[in-house]
Asker: 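Supplied in structure tokens, the structure appears directly below.
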Amino acid sequence: MPQIADILIPLALDTAYSYAVPAGLTLDEGDVVQVPLGPREIVGVVWGVEERASGGNLRPVSGRIEVAPLSEPLRRLVDWLARYTLAPKGSALAMALRLPDETARTETMRVGVRSAGKPPSRPTAARDKVLAVAADGGVRGKSALAKEAGVSLSVVDGLIDDGALESVALLPEPVALPPDPDFPRETPLSEAQDAAARKMIAAFDPTPSSAEGRGFGATILLEGVTGSGKTEVYFEAVAECVRRGRQALVLMPEIALTAQFLDRFAARFGVRPATWHSGVGGRRRERLRAGVASGEVSVVVGARSALFLPFTDLGLIVVDEEHETAYKQEDGVHYHARDMAVVRGRLEGCPVVLASATPSIESRVNAQRGRYGHIVLPERFGGRRLPDITAIDMRLDKPERGRFLSPPMVAAVKKTVADGEQALLFLNRRGYAPLTLCSACGHRYQCRNCSTWLVEHRFRKALVCHHCGYTERKPEACVECGAFDHLTPCGPGVERIAEEAAALFPDKRIIVLSSDFPGGTERLRQELEAVAAGECDIVIGTQLVAKGHNFPHLTLVGVLDADIGLTSGDPRAAERTFQLLQQVTGRAGRGERPGRALVQTYQPDHPVIAALLSGEAERFYEEEIGAREAAGLPPFGRLAALIVSAAEREMAEAHGQAMARIADPPAGIMVLGPAEAPLALVRGRYRFRLLVKTDRGIDIQGYLRDWLARSPKPRGSTKVTIDVDPQSFL
DNA sequence: AGCACGCCGACT
DNA sequence: GTCGGCGTGCTC
């Protein structure tokens with residue numbers, strides 16, 4: 001009987017296509033194959049195989065590709081991801097199937113050279129140097145040999161042609177050296193860390209009471225204040241996993257994948273870990289994939305896409321900084337890597353550890369309700385104290401006119417730098433000034449696409465929209481009334497703070513760090529390392545400095561405007577602000593010297609600010625969860641965005657609420673208010689948001705799909721799609 | 001993702 | 001009169 005294979009193709013297709021399996025080829029689920037699609041050949045994965053009497057006139061599978069098949073759990077993850085995010089299955093598959101691109105496919109053999117034991121026909125000084133190095137008979141790479149001898153590559157090539165050196169094939173360099181779980185550690189764990197690590201490892205083993213064979217707390221929230229040594233605790237879990245011969249994955253936000261972190265890993269395991277992020281390309285990427293699939297690579301540290309690596313025997317997933325919004329993928333398939341990690345853990349039958357100093361509300365709630373285990377490290381490692389956080393009430397301590405640093409802040413910075421320590425001034429606003437207006441006519445510079453103000457970037461001499469990226473040259477005269485010298489910057493950005501700091505501290509080294517740092521990510525990375533090394537007195541930075549890097553010389557953190565973001569209208573504004581401020585103030589005093597933080601605010605009594613000042617995170621979580629309950633908001637909800645095309649904007653506005661409101665939700669789904677006004681123009685489409693409260697077990701995707709099919713669409717509309725903003729309710 | 005088909009604006 | 005813009009639909 002002929003075999004039919006259902007092949008899922010990594011394109012925006014929601015169904016697998018059926019192909020005939022040619023005689024002589026046996027296929028299993030998960031096999032990677034090549035199939036004809038229209039005029040071309042394309043790679044796909046066998047999603048199902050069946051025997052069928054009539055093969056019909058299906059096109060045949062072209063052949064199997066000799067790479068590791070997709071494991072059952074990984075295939076189920078793809079199915080799950082597609083269903084959960086409303087994405088076509090094929091698009092979800094594409095995430096797991098980054099096959100070797102053509103450049104990487106041609107596996108170039110590494111070539112080494114060694115002495116052939118015979119003298120060159122025509123000796124020269126350069127040749128002698130090379131042969132002297134090679135005289136030990138060892139094998140070296142060509143360029144390594146040339147470098148060691150201090151000559152150019154062509155000398156080595158000449159000697160190979162001459163026969164004095166012979167080339168030998170080298171085994172490919174291992175992608176990653178095996179981490180040693182029992183590498184002798186320099187600093188012993190504290191008692192608290194040790195207890196936490198034991199508790200976590202205990203959760204690896206299934207208890208008799210768990211039906212699925214995963215122990216209680218198969219997902220564990222590891223919560224520890226900044227500097228408590230969370231990392232060392234989960235390293236113990238990783239070590240135990242490796243001891244048991246299984247693989248471990250540590251996910252981090254890309255920005256946090258720093259040399260500092262890799263060194264800490266090396267201090268614990270003797271080697272740096274295999275890393276996976278957007279910068280790992282070509283051959284290395286493929287070798288790492290293959291190593292992961294063969295089980296040769298035991299630990300991977302990677303950004304969110306590492307979640308889709310083809311592990312054969314995954315024993316642990318750690319999600320570091322689990323509250324980070326960078327785990328959300330917002331283009332293509334919308335997913336939240338932390339949530340998908342929980343799902344993959346469930347499918348693989350392995351524990352998942354979510355680590356953070358400032359957990360997301362949803363993880364906190366999941367822990368409180370007993371869905372997740374909860375391990376808390378309340379104190380800093382090594383007896384270090386948390387920084388003292390003091391408010392500066394801006395209503396009382398006003399800065400000079402046109403200035404933004406209040407007198408107590410200036411005094412504190414002055415003292416800090418005088419003592420040879422480092423100060424960080426934190427302001428979450430890029431550019432020079434968030435608003436520019438003409439003082440002659442009152443014209444405010446606004447984005448032509450969005451409803452936002454244009455931000456002046458003085459270094460770039462431009463006005464920039466931070467929403468859509470629209471940029472125009474800063475005009476000499478007002479575009480409205482033509483007046484010269486009347487353009488007035490309103491409010492501060494980091495560039496403007498840098499100007500102020502430079503005037504106050506002319507002999508100090510000042511650096512501005514923000515995501516639009518000139519010279520790109522690589523330069524920025526270098527600058528962060530330099531700051532960490534203490535090569536700077538005053539750092540002025542946006543939220544970028546709150547994440548990832550430790551600055552051991554930093555003893556003062558000055559928050560210039562703690563109130564930014566508290567009024568943004570985002571249902572998660574309070575949570576975000578608290579997390580950000582907690583993280584950034586926690587940067588102070590992580591080295592030898594104690595640290596402190598000063599917080600400029602106009603509302604010291606605001607719950608978020610008050611909780612921050614009291615140093616009790618617990619208070620914030622209680623208040624925020626309570627506030628959400630009181631307001632009928634879900635402690636964790638999901639935001640669904642309705643997207644309509646730009647041409648439909650008017651129509652959408654006319655129909656606004658009617659089309660964006662879910663009229664009669666079934667039990668278990670609650671819609672919180674009507675749609676907001678269009679938020680932004682994103683690539684020709686206006687975006688609306690709906691906040692939908694749901695509980696576990698409700699198939700919200702299925703519901704939204706139905707709702708979409710039923711709901712009235714604006715006349716003339718061609719396409720309305722639902723787009724789910726991933727937020728956990730797992 | 002490619003690739004074809006198709007329907008309206010500015011050019012030799 | 002055509003070249004070409006991208007919107008839409010299809011690929012077992």
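This one's a predicted model, so the numbers in the text were calculated from it and none came from an experiment.
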Asker: Take atom CG of A:Leu37 and atom P of C:dC10, then tell me their distance rounded to the nearest Å.
Answerer: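 My rounded result for the distance is 14 Å.
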Asker: Please determine whether the number of non-hydrogen atoms from other residues, nucleotides or ligands lying under 6.0 Å from atom CD of A:Glu476 exceeds 12.
Answerer: no
Asker: What does A:Pro10 touch in the nucleic acid at a heavy-atom separation under 4.0 angstrom: a base, only the sugar-phosphate, or nothing?
Answerer: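 Here A:Pro10 touches no strand at all.
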Asker: How close or far is atom C1' of B:dA1 from atom NZ of A:Lys89, stated in whole angstroms?
Answerer: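 Interatomic distance, NZ of A:Lys89 to C1' of B:dA1: 20 Å.
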Asker: Within this structure, what is the CD-to-C1' distance between A:Glu41 and C:dC12, rounded to whole angstrom?
Answerer: 13 Å
Asker: Would you check if the distance from the ring center of A:Phe308 to the ring center of A:Tyr335 is below 6.0 Å?
Answerer: yes
Asker: Under the criterion side chain to side chain contact (heavy atoms under 4.5 Å, CB included), which of A:Glu472, A:His466, A:Gln446 is the partner of A:Leu454?
Answerer: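 Only one of A:Glu472, A:His466, A:Gln446 forms a side chain to side chain contact (heavy atoms under 4.5 Å, CB included) with A:Leu454, namely A:Glu472.
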Asker: Under 3.5 Å, which N/O atoms of the protein pair with N/O atoms of nucleotides 2-5 of chain B?
Answerer:
{"unit_1": "B:dG2", "atom_1": "OP1", "unit_2": "A:Arg40", "atom_2": "NH1", "d": "3.4"}

Asker: Applying salt bridge (charged side-chain N to carboxylate O under 4.0 Å, His left out), run through A:Asp516 and A:Arg430 and close with a yes or a no.
Answerer: CA-CA 8 Å; A:Asp516 51 354; A:Arg430 285 153 52 212; 3.7 Å; yes
Asker: Starting from P on C:dT11, measure out to OH on A:Tyr19 and report it in whole angstrom.
Answerer: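 Roughly 11 Å, once rounded to whole Å.
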Asker: Expressed in angstrom and rounded to an integer, what is the separation of A:Ile9 atom CD1 from C:dC12 atom C1'?
Answerer: 7 Å
Asker: Please give, in whole Å, the distance from C:dC12 P to A:Arg59 CZ?
Answerer: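 Result: 5 Å.
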Asker: Please report, rounded to the nearest Å, how far the P atom of C:dC12 is from the CG atom of A:Leu27.
Answerer: 17 Å
Asker: Take the protein atom CG of A:Asp14 and the nucleotide atom C1' of C:dC12, then report the distance between them rounded to whole Å.
Answerer: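 Roughly 15 Å, once rounded to whole Å.
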Asker: Report all side-chain donor-acceptor pairs from residues 314-322 of chain A shorter than 3.5 Å, counting only partners two or more places apart or in another chain.
Answerer:
{"unit_1": "A:Asp320", "atom_1": "OD2", "unit_2": "A:Tyr234", "atom_2": "OH", "d": "2.9"}
{"unit_1": "A:Glu322", "atom_1": "OE1", "unit_2": "A:Arg338", "atom_2": "NE", "d": "2.9"}
{"unit_1": "A:Glu322", "atom_1": "OE1", "unit_2": "A:Ser360", "atom_2": "OG", "d": "3.2"}
{"unit_1": "A:Glu322", "atom_1": "OE1", "unit_2": "A:Ser363", "atom_2": "OG", "d": "2.8"}
{"unit_1": "A:Glu322", "atom_1": "OE2", "unit_2": "A:Ser360", "atom_2": "N", "d": "2.7"}
{"unit_1": "A:Glu322", "atom_1": "OE2", "unit_2": "A:Ser360", "atom_2": "OG", "d": "3.2"}

Asker: Sequence neighbours excluded and cut-off under 3.5 Å, please list the side-chain donor-acceptor pairs for residues 18-30 of chain A, or say none.
Answerer:
{"unit_1": "A:Ser18", "atom_1": "OG", "unit_2": "A:Asp6", "atom_2": "OD1", "d": "2.8"}
{"unit_1": "A:Tyr19", "atom_1": "OH", "unit_2": "A:Pro36", "atom_2": "O", "d": "2.7"}
{"unit_1": "A:Glu29", "atom_1": "OE1", "unit_2": "A:Arg75", "atom_2": "NH2", "d": "3.3"}

